[in-house]
Amino acid sequence: MPWGWHNRPMTDRTAVVTGASSGIGAATARHLAAEGYHVICAARRADRVEALASEIGGTAVTCDVTSESDVAALAERVGPRLDVLVNNAGGAFGSSPVAEADSDEWRRMFEVNVIGLMQVTRALLPALVASGAGTILNVGSTAGRIAYEGGAGYTAAKHGTQVVSETLRLELYDQPIRVCEIAPGMVRTDEFALVRFEGDQEKADAVYAGVAEPLTADDIADAITWMVTRPPHVNVDELVIRPRAQAAQHKVHRVFD
Ligand code: 8X3
């Protein structure tokens with residue numbers, strides 16, 4: 001049997017997770033490490049990725065995915081072979097309607113959710129091909145499937161994440177790489193809503209008010225780990241995942257005392 005996915009020990013497999021400093025990224029790094037991967041934890045906040053990498057026996061790389069030089073340094077650190085890339089870095093900034101929103105927030109969202117993801121992917125593609133069975137997993141959102149008021153900058157960017165995933169699947173169809181996208185709905189993490197509302201805890205809490213069990217970062221990390229550990233001929237193109245209470249973006253079961 002040729003040297004490949006089936007007979008390479010798990011301890012030999014490497015994964016990169018971007019945006020690994022908190023939330024879904026940090027949880028995914030932990031889950032993949034528990035599965036046996038050596039995880040390269042990449043994020044802007046050095047202290048956080050260093051603490052995480054030392055906790056899980058991984059490698060920390062300080063990286064802003066919107067910086068071409070940071071991404072080049074990440075690729076250098078990864079070296080010639082990579083099994084899994086989880087493009088998780090992203091986020092929402094602001095919630096104003098188009099009539100009032102800030103152009104810089106739109107630009108930042110497109111930069112991190114779309115251009116950053118493409119820069120990291122482009123830089124790590126040769127190493128993913130060299131693995132003989134690479135996986136690119138893009139963290140999209142249900143915001144990449146629907147529209148909602150006050151969300152144009154974010155929904156447009158996350159629709160971008162979805163379209164880039166489809167494009168990559170077409171462009172790489174004859175390469176030993178699969179491209180998967182996970183599209184989570186309501187996930188309660190420490191930072192997502194807080195960042196969106198510029199630190200306004202009350203507004204952030206209101207997103208989840210009365211919802212018994214929003215998804216957690218661990219729920220998403222568990223799903224991502226399942227997707228990337230399927231045999232390499234199995235491509236989970238896209239997986240939409242929501243809490244049971246969220247039947248649709250605007251139809252959320254909330255219970256107040
Ligand atoms: C997050 C989902 O509903 O806040 O990606 O847009 S939502």
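Just so you know, ligand 1 is whichever comes first in the structure, and atom 1 is the first atom listed for that ligand.
- Not one N or O of Q246 is nearer than 3.5 Å to an N or O of ligand 1, by distance alone.
- Within the 4.0 Å heavy-atom cutoff, K158 does not count among the residues contacting ligand 1.
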| task | Give the C-alpha distance, both sets of side-chain angles, the deciding distance and a yes or no for side-chain hydrogen bond (donor to acceptor under 3.5 Å, both in side chains) between S22 and E191. | result | CA-CA 8 Å; S22 71; E191 296 188 329; 2.8 Å; yes

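- Heavy-atom proximity to G185, at under 4.0 Å, picks out these atoms of ligand 1: 2 (C).
- When each atom of ligand 1 is checked for a heavy atom of Y154 under 4.0 Å away, the hits are 1 (C), 5 (O), 6 (O).
- Proximity to A143 (heavy-atom distance under 4.0 Å) selects the following atoms of ligand 1: 6 (O).
- Taking only nitrogen or oxygen atoms, main chain and side chain alike, T142 does not reach within less than 3.5 Å of ligand 1.
- The aromatic ring centres of F192 and Y154 sit less than 6.0 Å apart.
- Residues N113 and T161 have side chains that never bring a donor and an acceptor to within less than 3.5 angstrom of each other.
- Rounded to the nearest 0.5 Å, atoms CG (L85) and CG (L125) are 8.5 Å apart.
- Those atoms of ligand 1 with a heavy atom of Y148 less than 4.0 angstrom away are 4 (O), 6 (O), 7 (S).
- Comment: R81 engages D83 in a salt bridge, judged by a side-chain N to carboxylate O separation of less than 4.0 angstrom.
- Contacts of M186 with ligand 1, taken as heavy-atom pairs under 4.0 Å, are absent altogether.
- Atom numbering of ligand 1 starts at 1 in the shown order; those under 4.0 Å from a heavy atom of S141 are 1 (C), 2 (C), 5 (O).
- The environment of R244 atom CZ is sparse: at most 12 non-hydrogen atoms of other residues, nucleotides or ligands sit within 6.0 angstrom.
- The pair R145-E181 meets the salt-bridge criterion, with a side-chain N (NZ, NE, NH1 or NH2) lying under 4.0 Å from an Asp/Glu carboxylate O.
- Shortest contact from atom 3 (O) of ligand 1 to any protein heavy atom: Q249 NE2, 2.6 Å.
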